[in-house]
Amino acid sequence: MSSGKNNLNTEKENNVGKPSNFIKYIIDDDLKNGKNESRVHTRFPPEPNGYLHIGHAKSICLNFGVARDYNGLCNLRFDDTNPVKEEDEYVKSIIEDVKWLGFDWEDRLYFASDYFEQMYEYAVELIRKDKAYVDDLNAEQIREYRGTLTTAGKESPYRNRSVEESLDLFARMRAGEFPDGSKVLRAKIDMASSNMNMRDPVMYRILHASHHRTGDAWSIYPMYDWAHGLEDSLEGITHSICTLEFEDHRPLYDWFLENLDGVHHPQQIEFARLNLTYTLMSKRKLLRLVNENYVSGWDDPRMPTLAGMRRRGIPPASIRDFADRIGVAKADSIVDRAMLDSCIREDLNKNAKRVMVVLDPVKVVITNYPENTVEELTAENNPEDENAGHRTIPFSREIYIEREDFLEEAPKKFFRMVPGREVRLKHAYYVTCTNFVKNDAGELTEIHCEYDPATKGGWSDDGRKVKGTLHWVSVPHAIDAEVRLYDHLFTKENPDESRDERDFTEFLNPDSLVTLQNCKAEPGLRECTPGERFQFLRKGYFCSDSKEFTSEKPVFNRIVTMRDAWQKKDKK
RNA sequence: UGGGGCGUCGCCAAGUUGGCAAGGCACAGGAUUUUGGUUCCUGCAUUCGGAGGUUCGAGUCCUCCCGCCUCAGCCA
């Protein structure tokens, strides 16, 4: 695998002529008008309260991609304004994930908590301008006073207290004089606004909680709406890209920045978040999958988390490619998982070394092959990459082939092993089945074949038609491996859709993980490193498990199957 | 029922002075192939949520209607 940086450069060059999106039109326009001194500066602002998933990857690729395309900058900023939900463990995993995806924020790693003091001063400025006030209403009362979607709210009885009093109260809130929930600082806007966000939104709440970075220095913490625009402003962000549900917050984002003196005012732009078929993106539901042990953890290879996808073996470049292909727009959508799979296959077809592994083995004896003889055959590592080189694999009188590659009686289009029919053993010889053995239960236990010594390497010049080619592993040389076959986590395209009252866990796919213990792999695989990706010839793309693989006990994860025209036909 | 958004092929998605519907995925045929893989051809929206209107000409402009998403945390 090549480094992320090189991939990025290649992508940049290929970017010429790529489809545009509405955000780029906005930026082009701003640049044309000389807005922001012609700078482009974005940011990816995760809250460190959970693991990143492929939906975040879309946002990361968008923000860093826009910066790259316009020779701008993109910051990584943790939006850590809520101490009770955030943990340091998450900042570590997020940093790891963004790096793994291939992006670099250089020295621009920021934390909202670094701006707490500045934010406090800005809040004081608003109070002085009589645009914010301390409210003594409790949470329930505030909700009642807020009104509903169709009816206006009422003003708090504390709304018109003096600037001096609010100033004093706010300072004492900070000093920790009041219990949690007893007071808040609110912006003084319009309790009758048709936009609920403008009905005197809360700017600060009292929280006697220890923060992962500021410890116990603060007993008040800023709310998202107040904090986010300030963070963007302080960092000189030009385009603050977020998801659709913040569209209603934009007037408030703008209001705060307009009512502060001499601050930089970034432009908020909203786009539709990613949804993918057969999986979920909600943090809350993913957390349930982990907590209720439906999966083995945040990095379970079936999870849409970046940690899970990394463990599964999905190349980061294929995720970037995916992000480019799905585009950016404002329409709600749910992308077909097949689109991601296609990106993964395209990458792996080019980059994954081919090896032979028999997942469901049955023994074949080549009756006319000499006993106690081993031949070292040459095999190319990747027909799509000349530089991948060749390797040598042992061949002997007894080999394993895939159980499903043999049929006693063949249907019309089946061109694998059938009694009396000649097939090719990849890289080895042509063989013809002469006999087979079954046990009392009627299960196939052994196949007998004869080989043609003149076809070494798997080829003859006489124009013989050999339609079927099988993968195989030499019995005395085979190593045992555990292979985990992964499939969709859910059986339903949109498990989130709650048509009836059914819980999404009811749509969990019982076959999302099938573990095979008795797989036979070519001996070279013992030496592979954890996290290495391969194509198991004819079976799919696999990755040695980054946590559990050892040469004593090799474990492989299936990343994605091969495209399979035969199986497809079968289903019809 | 108030506000904000969105509706172009099965799924994404281009369409930016109104000028004759990109591309990808999926799907279907065919060719090549020591992976039923790859690659390569070919096909796949007389039509843009619907109805009217303006115009020589409309996915793009106007009007009305329909559908979907979203907002009433001291979460982000």
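Computation of the quantities below employed the complete heavy-atom set of this structure, encompassing side-chain atoms and omitting hydrogens, waters and symmetry-equivalent molecules. Within every chain, numbering begins at 1; the chains are lettered A, B, ... in the order of the sequence lines, protein sequences first and strands thereafter. Remember, predicted model here, so these are calculated numbers, not experimental data.
- Counting any heavy atom pair closer than 4.0 Å across all strands shown, A:Lys183 reaches no nucleic acid atom.
- Under the Watson-Crick or G-U wobble criterion, with both distances below 3.5 Å, B:C27 is paired with B:G43.
- Electrostatic pairing of A:Glu235 and A:Arg43 does not count as a salt bridge here, judged by no charged N lying under 4.0 Å from a carboxylate O.
- Only the C1' atoms considered, B:G59 is 5 Å distant from B:C48, to the nearest whole Å.
- A stacking contact between A:Tyr224 and B:A76 is absent: the pair does not combine a ring-centre distance of less than 5.5 Å to the base's six-membered ring with planes differing by less than 30°.
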- [ ] Please step through side-chain contact (heavy atoms from CB on, under 4.5 Å) for the pair A:His56 and A:Tyr51, ending with a clear verdict.
- [x] CA-CA 9 Å; A:His56 295 110; A:Tyr51 285 79; over 6 Å; no
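- Here B:C27 presents its P atom at 11 Å from CG of A:Asp341, a figure rounded to the nearest Å.
- Map A:Tyr25 and A:Pro46 each onto its nearest nucleotide of RNA chain B; the residue landing nearer the 5' end is A:Tyr25.
- Of the listed nucleotides (B:G2, B:U35, B:C11), B:U35 has the atom at the smallest distance from the side chain of A:Leu537.
- In this structure, A:Arg143 atom CZ and B:A72 atom P are separated by 11 Å, rounded to whole Å.
- At the heavy-atom level, A:Arg424 lies under 4.0 Å from base atoms of the strands shown.
- A salt bridge between A:Lys24 and A:Asp69 is present, with a side-chain N of the basic residue lying under 4.0 Å from a carboxylate O of the acidic one.
- Between the OH atom of A:Tyr278 and the C1' atom of B:C11 there is a distance of 11 Å, given to the nearest Å.
- A cation-pi contact links A:Arg213 to A:Phe111, judged by a cut-off of 6.0 Å to the six-membered ring centre and 45° from its axis.
- A:Ala338 comes within 4.0 angstrom of sugar-phosphate atoms only, judged by non-hydrogen atoms across all strands, and of no base.
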Open item on the list: For nucleotides 65-70 of chain B, give me one character per nucleotide, 5' to 3': B if any protein heavy atom sits under 4.0 Å from the base, S if the only such contacts are to the sugar-phosphate, - if neither.
Closed with: ----S-
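- The CG-P distance, from A:Asn494 to B:G10, rounds to 19 Å in whole Å.
- A distance of about 15 Å separates the C1' atoms of B:C25 and B:A14, rounded to the whole Å.
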